[in-house]
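Below is one structure; the comments refer to it alone.
The sequence lines fix the lettering, A, B, ..., with proteins before strands; numbering per chain opens at 1.
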2 protein chains.
Amino acid sequence: MELGHIDVTASEPTSAPDVAISGGHKRSSCEAVNSVLARVGDKWSVLIVMTLAHGPQRFNELKRQVGTISQRMLTLTLRGLERDGLVKRTVFPTIPPRVDYELTDLGHSLRQPIEALGNWAFDNYASIASARDTFDKTARK
Amino acid sequence: MELGHIDVTASEPTSAPDVAISGGHKRSSCEAVNSVLARVGDKWSVLIVMTLAHGPQRFNELKRQVGTISQRMLTLTLRGLERDGLVKRTVFPTIPPRVDYELTDLGHSLRQPIEALGNWAFDNYASIASARDTFDKTARK
DNA sequence: CAGTATCCTCCCAGATACTG
DNA sequence: CAGTATCTGGGAGGATACTG
């Protein structure tokens, strides 16, 4: 299988970027930030987190909500989120089996910054779209 | 070349996810959010934006700061950011040529939510790392 | 229902070489 | 210096089939 090496790593220790994210902290925090950004930047993670915001959901329930995700990606994304401690997986040993996924406290705490980003996107998408139009019309020789 | 189709699209109109991001808005906002998330989630975009936070930078200056990025990716990322109206490109027709990149107002406004996310990452990375350890030790049969 | 196991394809991104 | 052009592999992710 391909779990166990969900390496979000990306940045080798040698000559890592030393851009400061907010104030004075450098190197090591960047790995942390990048690693988290990789999660958030993931095509599905945010969607899942936001879908779970309202409460626990079952696997196929989740799949229906998101709509276009494949089981494979849903499983993989959920495992990743679970591994990071953002989502808790609960199995009910019934027949047929039932599995609930829900946000952990950590997962819920991520909603704040994510929603901030979401709101920014919502507020500024018009600007971005028009910037794109202009760029495409202008730059395309 | 491969510019001009930097399609961040991803979601076809048919059966898009209708998860609510924050309150009541649905469908169309999701495309917006996803499209922006794709930018932010991009491995380099955020790094570039944060590197440009302090002021204009030249191409190779930027390249040195980020360290591990290839010219190709730097160019591509900058074009993407420029296209989205987050970065402004200024050419000085000198010899040798000089090109400055700087954040637009829109670009600067993105720093807020990004830094919020960065701070969340910084604050919670320890939890995540330990969650990963536990998961890897436990789940790995 | 909730997954796992394969296969397969396309695209991303690094490396490299060249140019105004 | 600030790019562009081209080649290439490696991996992300979809489709499908099977299972406890």
Problem set entry | Set of salt bridge (Lys or Arg N to Asp or Glu O under 4.0 Å) partners for R98(B), sequence neighbours left out | D100(B)
Exercise. Do T104(B) side-chain atoms and K88(B) backbone N/O form a donor-acceptor pair below 3.5 Å?
Worked result: no
Seminar exercise, completed: Residue set satisfying side-chain hydrogen bond (donor to acceptor under 3.5 Å, both in side chains) with T77(A), at least two apart, ordered chain then number -> none
Exercise. Between the side chain of Q65(A) and the main-chain N/O of L62(A), is any donor-acceptor distance below 3.5 Å?
Worked result: no
For this session: Output yes when at least one side-chain N/O atom of R89(A) is less than 4.0 Å from OP1 or OP2 of dG3(C), else no.
Result: yes
For this session: May I ask you to verify if any side-chain N or O of K43(A) is less than 4.0 angstrom from the OP1 or OP2 atom of dC12(C)?
Result: no
Exercise. With sequence neighbours excluded, what pairs up with Y125(B) under the side-chain hydrogen bond (donor to acceptor under 3.5 Å, both in side chains) test?
Worked result: none
Problem set entry | Close residues, residues 90-103 of chain B, relative to DNA chain C [heavy-atom separation under 4.0 Å] | P97(B)
Exercise. Which one, dT6(C), dC1(C), dT4(D), comes nearest to the side chain of R72(A)?
Worked result: dT6(C)
Exercise. Using Watson-Crick pairs (N1 to N3, plus N6-O4 or O6-N4) and G-U wobble pairs, both distances under 3.5 Å, which stems of at least 3 pairs involve DNA chain C?
Worked result: C:1-20 with D:1-20
For this session: With sequence neighbours left out, write down each residue that passes side-chain hydrogen bond (donor to acceptor under 3.5 Å, both in side chains) with S130(A), or none if nothing qualifies.
Result: none
Problem set entry | N119(B) side-chain N/O to E115(B) backbone N/O, donor-acceptor pair under 3.5 Å | yes
